[in-house]
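Naming: A, B, ... by sequence-line order, numbering from 1 per chain. Just so it is clear, the model here is predicted, and its values are computed rather than measured.
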Amino acid sequence: MPELPEVETVRRGLEPVFTGSGLAQVELRRADLRFPFPQGFAARLAGRRVEALKRRAKYLLGELDSGETLIMHLGMSGSFRIDADDPEGAYHRAVTTKPAHDHVVFHFTSGASVTYNDPRRFGFMLLVPRGEMAAHPLFNGLGVEPLGPELTPQRLAEELRGRKAPLKAALLDQRIIAGLGNIYVCEAMHRSYLSPLRAAGTLVDAKGKPKRGLVDLVEAIRQVLGEAIEAGGSSLRDHRQTDGSLGYFQHSFRVYDREDAPCPTPGCRGHVSRVIQSGRSTFFCRDCQK
DNA sequence: CTGTGTTCCTGTTCGC
DNA sequence: TGCGAACAGGAACACA
């Protein structure tokens, strides 16, 4: 379920637990997720402290006092569950059937534990020395943070200039903007009245400057991500919602997963269409998105 | 280099 | 109710 807003929500939920006390022990219930766990994974974590829990794109980054960074990616179906103060494992002993797909359990010295669950196992965890992060294949060449100061219409114009790929594909390309996924790309294009089918380069003028639509798009991206994080943050308050579920914000989707629904744009008489682009569903309105 | 299609894996939903 | 097909939020990889 996780796109950037969900990962950020998860980060905020996990931060107090991960940085609040040391790691006592880490339990691996299988040898791999999407990739094999690195050599000595559990041993390299045991006894360490997490000094900060950060996020880059859809990656969670736990900075360890050993100088290594714990990289965690939730893939399509990853989630974390917090079990507070369970020093003797009483809860788990009381539960006769273990929840399926619990693959990693972090035990903290405080007695709390955090369990990573991932049915499809598209997620992964790695350990990389801090100094090697920037050059690591996962991060080298990663695009700008959509909520950071580097995402400007001018910067996007430089990236999109001359590109023939559909706008939808360009926005999903993590080398251009890092952290946008299928849902929020659809939502941002609808909010800025841009067709996902048009060539990305058509948003740039002959001088390489952003056209009006591109300015609107950047604004829409910021807006929709911001609103989703806010909604996630409010669903965090009742706690245990560290699963990165879309929370209440999914009721706010204007086009995503709303095929045939009336277009929510005021005054627009169109309906939401669904098409497949590079193997993934795109939802948009043919009438008001040009 | 650019753009597209396939693939990893399991669970849920939908039509018959 | 059962059963197969379609589809799912990511992104690495192979290939034209």
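Among the atoms of the strands shown, none is found under 4.0 Å from any heavy atom of Phe35(A). Among the atoms of the strands shown, only primed sugar atoms or phosphate atoms (P, OP1, OP2) are found under 4.0 Å from some heavy atom of Leu138(A). Nucleic acid contact class of Arg175(A) (heavy atoms, under 4.0 Å, all strands): none. Residue Pro137(A) is classed as having no contact, given no heavy-atom separation below 4.0 Å to the nucleic acid.
Aromatic ring centroids of Tyr59(A) and Phe139(A) lie under 6.0 Å apart.
Contact annotation: Arg280(A) side-chain N/O to dG10(C) OP1/OP2 distance is under 4.0 Å. Distances shown here put every side-chain N or O of Ser77(A) at or beyond 4.0 Å from the OP1 or OP2 atom of dA8(C). Look at His101(A) and you'll find a side-chain N or O under 4.0 angstrom from OP1 or OP2 of dG11(B). Between Lys164(A) and dG3(B) there is no side-chain polar atom (N or O) within less than 4.0 angstrom of OP1 or OP2.
dT12(B) atom P lies 14 Å from atom CE of Met76(A), rounded to whole Å. Rounded to whole Å, atom P of dT10(B) lies 12 Å from atom CG of Leu33(A).
The nucleotide whose nearest atom lies closest to any side-chain atom of Arg121(A) is, among dA8(C), dT10(B), dA12(C), dT10(B). Here the nucleotide nearest the side chain of Arg34(A), chosen from dG10(C), dG3(B), dC7(C), is dG10(C). Of the candidate nucleotides dC7(C), dG3(B), dA12(C), dG3(B) has the atom nearest to the side chain of Ala165(A).
One P atom belongs to dC7(C), the other to dG5(B), and the distance between them is 15 Å to the nearest Å.
Stacking annotation: Phe122(A) is not stacked on the base of dA11(C) (requires ring centroids less than 5.5 angstrom apart and an interplanar angle below 30 degrees).
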Working for side-chain hydrogen bond (donor to acceptor under 3.5 Å, both in side chains), residues His103(A) and Thr115(A): CA-CA 8 Å; His103(A) 304 310; Thr115(A) 301; over 6 Å; no
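Under the 30°/60° scheme for interplanar angles, the aromatic rings of Phe41(A) and Phe37(A) are found to be tilted.
Below the 3.5 angstrom threshold, one finds a donor paired with an acceptor across the side chain of Arg120(A) and the base of dA8(C).
Between the side chains of Lys168(A) and Thr282(A), a donor-acceptor pair is found at a separation under 3.5 Å.
Of the two residues near DNA chain B, Gly162(A) and Gly279(A), the one whose nearest nucleotide lies more 5' is Gly162(A).
Shortest non-hydrogen contact noted between Phe108(A) and Phe18(A) is CE2-CA, 3.7 Å.
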